[in-house]
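Since we're looking at a predicted model, the values are computed, not measured. Just so it is clear, the values below take in all heavy atoms, side chains as well, and ignore hydrogens, waters and symmetry mates.
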Amino acid sequence: MLHGDMHSGSIFVDNNTTKMIDPEFGFFGPVGFDIGSFMGNLLLNYCAQNGRIAELAKRRQYQTHLLTCLQDCYSQFEEQWLNLASNETTDVSFANRAFTEDYLKSVLHDAIGYCGAELIRRTIGLAHVADIDGIENEQARLAVQQQTLVLGEQLMLNATSCDNKDEFFTLLISLLN
C-alpha cells in the first residue's frame, strides 16, 4: 500500500514517531513510488533555492542539508527494508541474499524514475509547488523550472544505470553541478 502523495507536507515527525497524513491518493503500486516522490519533492526545494537565496554560501549550506536529508532518507529506507526482508517475512525468496539485492536494485531504479517524474509533474503538471511558483523574479523562476525539467528528464533516462545508492548519489551530484 502506497501513500501516493509523499512529500514533507504530508509527514509529521517528533522524537518518537513519524506519521503520514492526507492518504486520499493511496493505492497499491510499486515500492519505489513513495520514496521516489519524496526525493523528488526534496529536489524541487533544492532547485528552488537557486531562485530564492541570493547569498551563495547560505544557499549551498541549505542545499547540502537537503541532499543530506535525501541520502539519509534513502539509506534508512534501504536499511529498514533489508531488515524487514530478512527478519519479518515468510516469503522464502527473501532468504536468498542475491534475490533480495536484485529486488532492492529494481526498487531503486523505480524510485529514481519516479523521482524524475515528480520533478517534471510538479513543474509543468497541474499540481505545482509554492517553492518554485513563489519565486517572484520571472527569469529566476524560469531558470529553476528549466533546471527541474532537465534534472527530471535525466533521472528518468538514467534510472537503470544506478545499481546501488552510491551510484545514484554520484549521478545526482553530477546532474546538480
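- One finds the NE2 atom of H128 at 10.0 Å from the CZ atom of R121 (value rounded to the nearest 0.5 Å).
- Atom CG of D131 sits about 6.0 Å away from atom CZ of R52, to the nearest 0.5 Å.
- In terms of heavy-atom proximity, Y114 sits nearest to P30 at OH-CG, 3.2 Å.
- Residues D133 and Q145 have side chains in contact (heavy-atom distance under 4.5 Å, counting atoms from C-beta outward).
- In the model, R60 has a side-chain atom that pairs as donor or acceptor with a side-chain atom of Q63 under 3.5 Å.
- In the hydrophobic cluster analysis, where Ile, Leu, Val, Met, Phe, Trp and Tyr join through side-chain heavy atoms closer than 4.5 angstrom, Y74 is grouped together with I173.
- L176 and M39 fall within a single hydrophobic cluster, where Ile, Leu, Val, Met, Phe, Trp and Tyr are joined by side-chain heavy atoms under 4.5 Å apart, directly or via other members.
- Using the six-membered ring where Trp is involved, F99 and Y103 have ring planes that are parallel, under 30° apart on the 30 and 60° scheme.
- Results of the side chain to side chain contact (heavy atoms under 4.5 Å, CB included) test with H109 over N158, L104, D163 single out D163 as the only residue that passes.
- For the pair N45 and Y62, the minimum side-chain heavy-atom distance is below 4.5 Å.
- Contact detail for L119 and T123: the closest heavy-atom pair is O-OG1, 2.6 Å.
- Counting non-hydrogen atoms of neighbouring residues, nucleotides and ligands closer than 6.0 angstrom, the CD atom of Q61 reaches no more than 12 such neighbours.
- Just one of L67, N164, L70 meets the side chain to side chain contact (heavy atoms under 4.5 Å, CB included) condition when paired with F169; it is L70.
- In this structure, E167 places its CD atom where more than 12 heavy-atom neighbours from other residues, nucleotides or ligands lie under 6.0 Å away.
- Atom CZ of F38 and atom SG of C69 lie 7.0 Å apart (nearest 0.5 Å).
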Go through the steps to decide whether W81 and T100 satisfy the test side chain to side chain contact (heavy atoms under 4.5 Å, CB included), and finish with yes or no. CA-CA 10 Å; W81 192 91; T100 303; 3.5 Å; yes
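- Between E88 and N83, the closest side-chain pair of non-hydrogen atoms is not below 4.5 Å.
- Between D72 and S75, the side chains place no donor N or O within less than 3.5 Å of an acceptor N or O (distance only, hydrogens not considered).
- D34 CG to S37 OG: the interatomic distance, rounded to the nearest 0.5 Å, is 6.0 Å.
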Could you give me the CA-CA distance, side-chain angles and deciding distance for E78 and L82, then say whether side chain to side chain contact (heavy atoms under 4.5 Å, CB included) is met? CA-CA 6 Å; E78 182 180 78; L82 287 169; 4.1 Å; yes
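- When all heavy atoms are compared, the tightest approach of I112 to C162 is CD1-CB, 3.7 Å.
- Residues L151 and L172 meet the side-chain proximity criterion, which asks for heavy atoms closer than 4.5 Å.
- A donor-acceptor pair under 3.5 Å is formed between the side chain of R59 and the backbone N or O of I53.
- Side-chain N or O atoms of T170 include one that pairs as donor or acceptor with a backbone N or O of D166 at under 3.5 Å.
- Nearest heavy atoms, G32 versus D110: CA-CB, 4.2 Å.
- Across all their heavy atoms, G113 and A159 have their closest contact at N-CB, 3.7 Å.
- Side chain of N96 to main chain of V92: no donor-acceptor pair is present (N/O by atom type, distance under 3.5 Å, no hydrogens or angles).
- The shortest distance between side-chain heavy atoms of K105 and D102 falls below 4.5 Å.
- The shortest side-chain heavy-atom distance between L155 and F168 falls under the 4.5 Å cut-off.
- Residues V144 and C47 come closest through the heavy atom pair CG2-O, 3.5 Å.
- Here the CG atom belonging to L175 is positioned 10.0 Å from the CD atom belonging to Q147, to the nearest 0.5 angstrom.
- Without hydrogens or angle criteria, R122 side chain to N41 main chain gives no donor-acceptor distance under 3.5 Å.
- Think of M156 as one node in a network of Ile, Leu, Val, Met, Phe, Trp and Tyr side chains linked at under 4.5 Å; its network also takes in I120, I124, L149.
- Under the 4.5 Å side-chain heavy-atom criterion for ILVMFWY residues, no single connected hydrophobic cluster contains both L56 and I135.
- Side-chain contact check for L44 versus T148: some heavy-atom pair is nearer than 4.5 Å.
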